[in-house]
There are 2 protein chains.
Amino acid sequence: MIEEKHINYLSSIVGNENIKSDKAHRIAYSYDATRERFEPDAVVFPRNEEDISKILKYCNEYKIVIVPRGAGSGFTGGALPSEGGISLCLERHMNKLIEIDMENMVGVVQPGLINMEFQKAVEEVGLFYPPDPASEDYSTLGGNVSENAGGMRAAKYGITKDYVVALRAVLPNGDIITCGKKTIKDVAGYNTAGILIASEGTLAVITEITLKLIPKPKFKQTYMGVFPDVNKAMNAVFKSLAQGANPVAMEFLDSLVIKALKQKFPNISLPENAGGILVGDVDGSSEAEINSQLETLKESFQNYGSTDFIIAKDLNEGSKLWFARRNASPATMIYGTKKLNEDISVPRSKLPEALDNIYAIGDKYGFNVPCFGHAGDGNIHVNVMVKDKKNEEEMEDGHKAIEEIFQMVVDMGGTLSGEHGIGLSKAPFMNIAFNNAELNLFKNIKKAFDPNNILNPHKMGL
Amino acid sequence: MIEEKHINYLSSIVGNENIKSDKAHRIAYSYDATRERFEPDAVVFPRNEEDISKILKYCNEYKIVIVPRGAGSGFTGGALPSEGGISLCLERHMNKLIEIDMENMVGVVQPGLINMEFQKAVEEVGLFYPPDPASEDYSTLGGNVSENAGGMRAAKYGITKDYVVALRAVLPNGDIITCGKKTIKDVAGYNTAGILIASEGTLAVITEITLKLIPKPKFKQTYMGVFPDVNKAMNAVFKSLAQGANPVAMEFLDSLVIKALKQKFPNISLPENAGGILVGDVDGSSEAEINSQLETLKESFQNYGSTDFIIAKDLNEGSKLWFARRNASPATMIYGTKKLNEDISVPRSKLPEALDNIYAIGDKYGFNVPCFGHAGDGNIHVNVMVKDKKNEEEMEDGHKAIEEIFQMVVDMGGTLSGEHGIGLSKAPFMNIAFNNAELNLFKNIKKAFDPNNILNPHKMGL
């Protein structure tokens with residue numbers, strides 16, 4: 001436990017009202033979306049960058065562990081204080097939209113601002129911030145940057161890293177740095193913003209984020225391609241994209257997910273005989289552009305075996321088509337009491353093979369493994385469904401299946417995580433994905449920023 | 001000088017034919033586009049990654065300096081062996097196009113491949129690699145990545161870093177690492193590719209590059225906007241872009257450049273009374289899209305004071321419009337015998353103010369400072385024209401003017417370099433752009449990769 005004198009000193013920085021070490025607060029900040037629990041010794045709500053600088057400088061001197069935290073919506077435990085210490089909560093005070101700079105088409109925000117609040121604010125002035133992780137309604141932009149969040153629109157618009165123009169951050173020794181400027185080009189010095197993105201709060205505490213904005217596309221329409229099986233659908237994904245299709249999103253549902261949706265939502269309108277579905281939006285600056293996009297998709301899907309291509313007539317019909325995708329995750333719970341879900345990513349051309357292999361691994365251990373996700377960028381949400389989570393043997397088999405899936409994915413040139421990061425949950429698998437030289441380099445980078453290892457220690461297997 | 005035994009050992013790795021320490025070779029590899037000269041002790045032409053790994057491991061053990069080199073077309077001395085040692089030349093053997101992966105829309109290349117060769121190869125199969133630095137005909141992709149090269153098309157398509165999907169590299173200790181995969185998303189481990197981009201050969205030797213490709217736009221057209229003065233033109237840049245214009249390029253010429261072009265090329269067809277010019281291309285997947293783009297630009301330019309808007313009827317007319325921009329650099333030599341040229345970058349909205357300030361600094365010291373460049377991304381090529389380069393006092397004033405320009409640019413949120421990097425030339429100005437914490441962090445990052453400081457030492461002010 002952290003000593004009383006440290007609590008007192010930190011109080012003198014942020015004020016009594018912004019530091020809590022009572023049991024209720026320690027419990028409230030002990031969890032994230034993994035549902036694992038680790039209580040921090042104290043919860044601190046810094047008011048500004050200066051507070052953060054003072055807190056880090058002090059904690060660095062006394063080697064007190066700091067775990068930065070946004071909304072706690074992460075899937076891999078990045079914000080969990082697994083070794084106790086201070087939970088540094090940025091969502092209470094550090095949550096402001098500082099500026100929408102229309103002239104330079106960037107937004108400047110504090111890390112605790114909710115993604116969706118930012119999206120809404122920029123859309124009100126005719127601009128657009130594309131990264132839209134499924135957690136967009138509650139996850140923070142600081143968390144999005146720290147995990148390099150993706151989302152539905154990544155197929156066309158890329159992911160968080162493609163929108164980070166500049167960062168301000170506090171190093172573990174309390175030093176304040178800026179990484180990048182409000183310029184499109186900047187090649188002076190090392191690309192420190194680049195290394196902070198996806199570093200999961202292990203290198204520095206981000207205090208300000210400058211994000212690129214683009215003009216809001218004027219037109220949008222939803223499509224759905226229906227295939228007899230998921231293999232044909234996956235084949236159509238990379239072939240249609242290689243032929244010039246450029247949809248905002250190309251999401252997929254496999255036959256197990258489709259079956260689950262029909263069972264869970266008996267009134268759902270899903271095509272008969274659909275063994276695989278691709279759903280998404282196209283957008284553009286004119287109706288002609290959209291129609292040409294839809295034509296390209298339709299033709300391409302037909303060439304690769306689709307049985308139907310549905311175009312939504314309006315927004316309402318569009319959201320009906322999206323209903324299936326948005327409810328895929330809860331629907332899978334018909335197959336078990338515990339879901340072991342991972343977010344592997346493969347080169348798009350490997351999607352058909354990857355899914356075949358996933359199902360084969362599921363069969364070997366006797367699991368249903370419904371899959372869905374961001375086919376357009378090769379990112380698959382794999383769900384190994386454990387029927388009885390109290391059955392230790394079954395749980396162990398589930399973890400074995402996951403490990404086999406990771407190995408298979410890495411062998412075909414894919415990665416352990418497309419969006420969720422490594423955190424605690426995937427740390428044991430780092431040596432599947434990286435050789436000793438790479439792991440050693442990660443440790444050296446960590447040490448370059450955080451020689452006393454006070455910032456989110458032991459995450460990412462470090 | 002490097003000891004004979006080291007030469008012999010390195011010969012045993014690469015073969016006698018791939019290591020040269022005679023005077024002719026040492027002179028041939030002593031220069032780059034800065035025209036400064038530093039002779040290496042020996043020039044080595046590795047045949048493959050394995051050679052590089054062995055060379056680095058050996059040199060690391062004996063603390064022999066290694067300076068990686070592509071085409072030697074850099075503007076800031078990044079490839080100059082300023083402390084002697086080995087010039088590690090990648091353009092002779094490590095220049096292969098390994099693969100164009102149509103299914104995943106990426107190209108895999110060795111670092112010594114010439115940018116234009118790659119562009120041509122991918123365009124032949126209907127794909128497109130946008131980054132097109134002015135040196136595209138001779139600069140290498142390894143150099144482009146190491147300097148994070150920009151180009152004419154950055155306004156719409158971004159710069160080299162936006163296309164690097166994955167890298168392979170050799171660390172100074174000889175370890176081989178991969179950074180990233182052929183996947184769109186990958187958030188496992190630190191973003192080591194991100195930090196190698198723009199690191200100017202100081203952290204690792206890049207041995208393989210995987211680059212994102214996009215479908216080749218079907219239609220393209222050239223436009224030219226004519227303005228009474230450069231201030232109005234610069235104002236139109238950021239305002240038209242904020243209103244949704246999305247040209248491939250938006251290049252500018254100021255009145256001094258226009259005057260120089262008319263003097264140097266008496267037959268050039270440039271509009272009368274042009275005090276500032278914006279020239280570029282628009283592209284798209286349909287003629288309608290292009291026409292709508294041109295309409296937006298024309299309207300927007302008119303709103304901000306243009307006197308004429310010219311649209312090229314065909315490719316031939318397009319290249320006539322481009323002639324002025326392409327010959328801007330040599331034309332400026334009418335103003336002096338020595339050009340001190342820098343490539344500062346500012347937030348686009350600051351372009352008008354930045355140019356006003358640049359001319360004022362020129363006036364103060366009595367220099368013509370013709371400017372041109374990539375207005376669409378805020379990147380200005382500033383040319384302080386020294387009349388008599390043998391006049392030491394004038395040369396010194398020129399350097400003072402440059403330093404004032406750097407300070408002014410940094411004060412308005414800009415950067416020392418948009419494209420050319422820091423290398424040797426801009427190293428003295430690093431403390432204008434970065435605080436001690438940032439400079440210290442750069443040194444720690446350097447040490448994390450290269451503890452013995454053998455790789456391109458003292459570049460970037462490190």
Side-chain angles (χ1 to χ4, degrees), chain A residues 102-105 147-148 150 154 159 162 171 175-177 181-192 194-195 197-199 215 238 241-242 244 285-286 288-289 292 345-349 377-379 413-419 421-422 430 433-434 437-438 441-442 444-445 447-448 460, chain B residues 102-105 147-148 150 154 159 162 171 175-177 181-192 194-195 197-199 215 238 241-242 244 285-286 288-289 292 345-349 377-379 413-419 421-422 430 433-434 437-438 441-442 444-445 447-448 460:
Chain A
M102 306 275 293
E103 295 184 332
N104 294 299
M105 297 174 76
E147 303 290 329
N148 193 8
I159 55 179
D162 300 312
L171 297 176
D175 281 349
I176 296 168
I177 59 167
K181 317 266 179 189
K182 256 192 206 177
T183 54
I184 312 279
K185 293 174 176 172
D186 180 7
V187 295
Y190 289 131
N191 177 16
T192 43
I195 198 85
I197 296 166
S199 67
F238 71 89
L241 294 171
S285 55
S286 69
E289 197 183 331
S292 132
S345 194
V346 297
R348 283 192 300 239
S349 68
D377 51 53
N379 189 192
T415 166
L416 301 181
S417 177
E419 301 183 322
I422 299 299
M430 284 292 274
F434 298 101
E438 289 151 359
L441 179 61
F442 293 163
N444 290 342
I445 292 172
K447 208 179 278 176
M460 300 172 71
Chain B
M102 307 274 293
E103 294 184 333
N104 294 299
M105 298 176 74
E147 303 290 331
N148 193 8
I159 55 181
D162 300 312
L171 297 176
D175 280 349
I176 296 168
I177 59 168
K181 317 267 178 189
K182 258 192 204 178
T183 54
I184 313 277
K185 293 175 177 172
D186 179 8
V187 295
Y190 288 131
N191 176 16
T192 44
I195 199 86
I197 296 165
S199 69
F238 70 89
L241 295 171
S285 55
S286 70
E289 197 184 333
S292 133
S345 195
V346 296
R348 284 193 299 238
S349 68
D377 52 54
N379 188 193
T415 165
L416 300 180
S417 177
E419 301 183 322
I422 299 298
M430 284 292 274
F434 298 101
E438 289 150 359
L441 179 62
F442 293 163
N444 289 343
I445 292 172
K447 207 178 281 175
M460 301 172 71

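Throughout, protein chains are lettered first and strands after them, A, B, ... in sequence-line order, and every chain is numbered starting at 1.
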Among G244(B), A154(B), S292(B), G413(B), which residue forms the greatest number of heavy-atom pairs with chain A at distances under 4.5 Å? G413(B)
Just wondering, do D175(A) and E438(B) contact through their side chains at under 4.5 Å, heavy atoms? no
Turns out that what part of D186(B) lies under 4.5 Å from chain A's heavy atoms comes down to both
Just so I understand: if I count every heavy-atom pair under 4.5 Å between each of A437(B), G418(B), G150(B), A242(B) and chain A, which residue has the most? G418(B)
Does the side chain of L171(B) come within less than 4.5 Å of L441(A)'s, by heavy atoms? yes
Atom CG in N444(A), atom CG in N444(B): separation rounded to 0.5 Å? 11.5 Å
Tell me, out of V346(B), L416(B), D377(B), N191(B), who's got the most heavy-atom pairs with chain A below 4.5 Å. D377(B)
Which pair of heavy atoms, one from N104(A) and one from P347(B), lies closest together, and at what distance? OD1-C, 3.3 Å
Go through the atoms of K182(B) and report whether side chain, backbone, both or neither lie under 4.5 Å from a heavy atom of chain A. both
So do F434(A) and I177(B) actually touch side chain to side chain, heavy atoms under 4.5 Å? no
Under 4.5 Å from any heavy atom of chain B, what part of P215(A) do you find: side chain, backbone, both or neither? side chain
Shortest non-hydrogen contact between S349(A) and E103(B), atoms and distance: CB-OE1, 3.4 Å
By side chain to side chain donor-acceptor pair (under 3.5 Å) - contacts of T183(B) (at least two apart): none
At a 4.5 Å cut-off on heavy atoms, which part of S286(B) comes close to chain A: side chain, backbone, both, or neither? neither
Below 4.5 Å from any heavy atom of chain A, which atoms of M102(B) appear? Answer side chain, backbone, both or neither. backbone
Can you measure from CD1 (I197(B)) to OH (Y190(A)) and round to the nearest 0.5 angstrom? 14.0 Å
Atom of E147(B), atom of V187(A) and distance for their closest heavy-atom approach: O-CG1, 3.4 Å
Spatial distance of atom CD1 (I184(B)) from atom CD1 (I159(A)) [nearest 0.5 Å]: 9.0 Å
Could you look at F238(B) and say if it's the side chain, the backbone, both or neither that has a heavy atom under 4.5 Å from chain A? both
Rounded to the nearest 0.5 Å, the CG atom of N148(B) sits from the NZ atom of K185(A) at a distance of 9.5 Å
Okay, A433(A) and chain B: the region with an atom under 4.5 Å from a heavy atom over there is backbone
Looking at G414(B), S285(B), G378(B), G189(B), which one has more heavy-atom pairs under 4.5 Å with chain A than the rest? G189(B)
Determine the minimum heavy-atom distance between A448(B) and I445(A), stating which atoms define it. CB-N, 4.1 Å
Winner by heavy-atom pair count (cut-off under 4.5 Å) against chain A, out of S417(B), G194(B), A198(B): S417(B)
